[in-house]
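Note sheet for the following structure.
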Amino acid sequence: MPAETRVAIDRETDIVTARQKGRELAAACGFASTDQTLIALAISELARNIVVYAQRGEIIVKSEFGERRGIEIVARDQGPGILNVALALQDGYSTAKSLGLGLPGARRVMDEFEIDSAPGRGTTVTVRKWVR
Amino acid sequence: MVPILKHGKFLIASIVSALTDQDLIQLRDELANKIGQVRAHGVIIDVTAVDVLDSFATRTLRDIARTVKLRGAKIVLVGIQPDVAFAMVQLGLSLDEVDTALDLEEGFSHLRRGEERSRHAG
Ligand SMILES: Nc1ncnc2c1ncn2[C@@H]1O[C@H](COP(=O)(O)OP(=O)(O)O)[C@@H](O)[C@H]1O
Ligand SMILES: [Mg+2]
């Protein structure tokens, strides 16, 4: 049965909650522990971006049990949005003087990555990973 | 909260729960103070129980390591689990300037070797 969990993100402790929920769902979905950790790490980066740049938003974790088993994570906020998405996806680019590895890293550790963001409209990042 | 234990001239901070940002920042500040209070020569940070080290945690651990070194003590990070290490590499994270060891025991040997060397040099 497909499952879905929503975690409201508006403070740092929500980041831990979101990645724990994600790991639980990933485990139930049949991901090996290495992949569970990659998924938890991607969630951690996306949830942190919400807290740092948009103050609040939500993380939705869905597991899919159709022909392919996998997990989808949607990180959504109505914050300031990203001016230059291509730049934000480059390793080391950060407007906060942090490591600039959250978005490009989340893209690397997951199988699929989509981002929809524009100034004033907020940001939605959708990532997926399939059970191998 | 991360408890800091004293063992001879060494301080040990075992991160037992899922790490929050606040825990890390508090740990950095407490270590900086406690090194002076107890005149510690070395610090071991044990992350055996940590589920994920993300870019924020990595950056803060690097800051902690630099702070500890500036306070005149050695530092070693122990217990990074295989999955956690693999995930860090995939994301592109590194702890270059921070010494690491397999577990607490190896961490102690690492710090003691450092002590020996400085005794012979001095
Ligand atoms: N949810 C978001 N809302 C607005 N800006 C964002 C969001 N997520 C990422 N960004 C922008 O993209 C940049 C790169 O993000 P990231 O790769 O996570 O690195 P870092 O967070 O270390 O800067 C950020 O510095 C920020 O400018
Ligand atoms: Mg980030």
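Protein chains get the first letters and strands the later ones, always in sequence-line order, with residue 1 at the start of each.
- Remark: B:Ile25 CD1 is packed, more than 12 non-hydrogen atoms of other residues, nucleotides or ligands lying under 6.0 Å away.
- By the 4.5 Å heavy-atom criterion applied to side chains, B:Gln81 and A:Thr37 are not counted as neighbours.
- No chain of hydrophobic side-chain contacts below 4.5 Å, direct or via other Ile, Leu, Val, Met, Phe, Trp or Tyr residues, connects B:Leu95 to B:Val78.
- Of all residues in residues 107-129 of chain A, those placing a non-hydrogen atom less than 4.5 angstrom from a non-hydrogen atom of chain B are A:Arg108, A:Val109.
- Across B:Ala87 and A:Leu41, no two heavy atoms sit closer than the pair O-CD2, 3.4 Å.
- Environment of CD in A:Gln78: sparse, with no more than 12 heavy atoms of neighbouring residues, nucleotides or ligands closer than 6.0 Å.
- Cluster membership for B:Leu77 and B:Leu5, using ILVMFWY side-chain heavy atoms within less than 4.5 angstrom, is not shared.
- Across all their heavy atoms, B:Arg59 and A:Lys97 have their closest contact at NH1-O, 3.5 Å.
- Shortest non-hydrogen contact noted between B:Asp51 and A:Arg23 is O-NH2, 3.1 Å.
- Shortest non-hydrogen contact noted between B:Gly92 and A:Leu101 is O-CD1, 3.4 Å.
- Interatomic distance, CG of B:Leu93 versus CD of A:Glu45, reported as 6.5 Å (0.5 Å rounding).
- Residue A:Gln36: no heavy atom, backbone or side chain, is found under 4.5 Å from chain B.
- The environment of B:Glu105 atom CD is sparse: at most 12 non-hydrogen atoms of other residues, nucleotides or ligands sit within 6.0 angstrom.
- Contact of the B:Gln90 side chain with the A:Thr34 side chain is not registered, since no non-hydrogen atoms from C-beta on lie closer than 4.5 Å.
- Hydrophobic cluster membership is shared by B:Val2 and B:Ile45, with clusters built from Ile, Leu, Val, Met, Phe, Trp and Tyr side chains linked at under 4.5 angstrom.
- A distance of 7.5 Å separates CZ in B:Phe86 from CG in A:Asp35, rounded to the nearest 0.5 Å.
- When each of A:Gly100, A:Gly102, A:Ser98, A:Ala40 is scored by its heavy-atom pairs under 4.5 Å with chain B, the top score falls to A:Ser98.
- Placement of A:Ile15 and B:Val84 within a single hydrophobic cluster is found when ILVMFWY residues are connected by side-chain heavy-atom separations under 4.5 Å, directly or transitively.
- Rounding to the nearest 0.5 Å places CG of A:Leu99 at 9.5 Å from CG of B:Leu91.
- The environment of NZ in B:Lys34 is crowded: more than 12 heavy-atom neighbours from other residues, nucleotides or ligands sit within 6.0 Å.
- Only the backbone of A:Ala106 comes within contact range of chain B, judged by heavy atoms closer than 4.5 Å.
- The hydrophobic cluster containing A:Ile43 also contains A:Val131, counting ILVMFWY residues as joined when their side-chain heavy atoms lie under 4.5 angstrom apart, directly or transitively.
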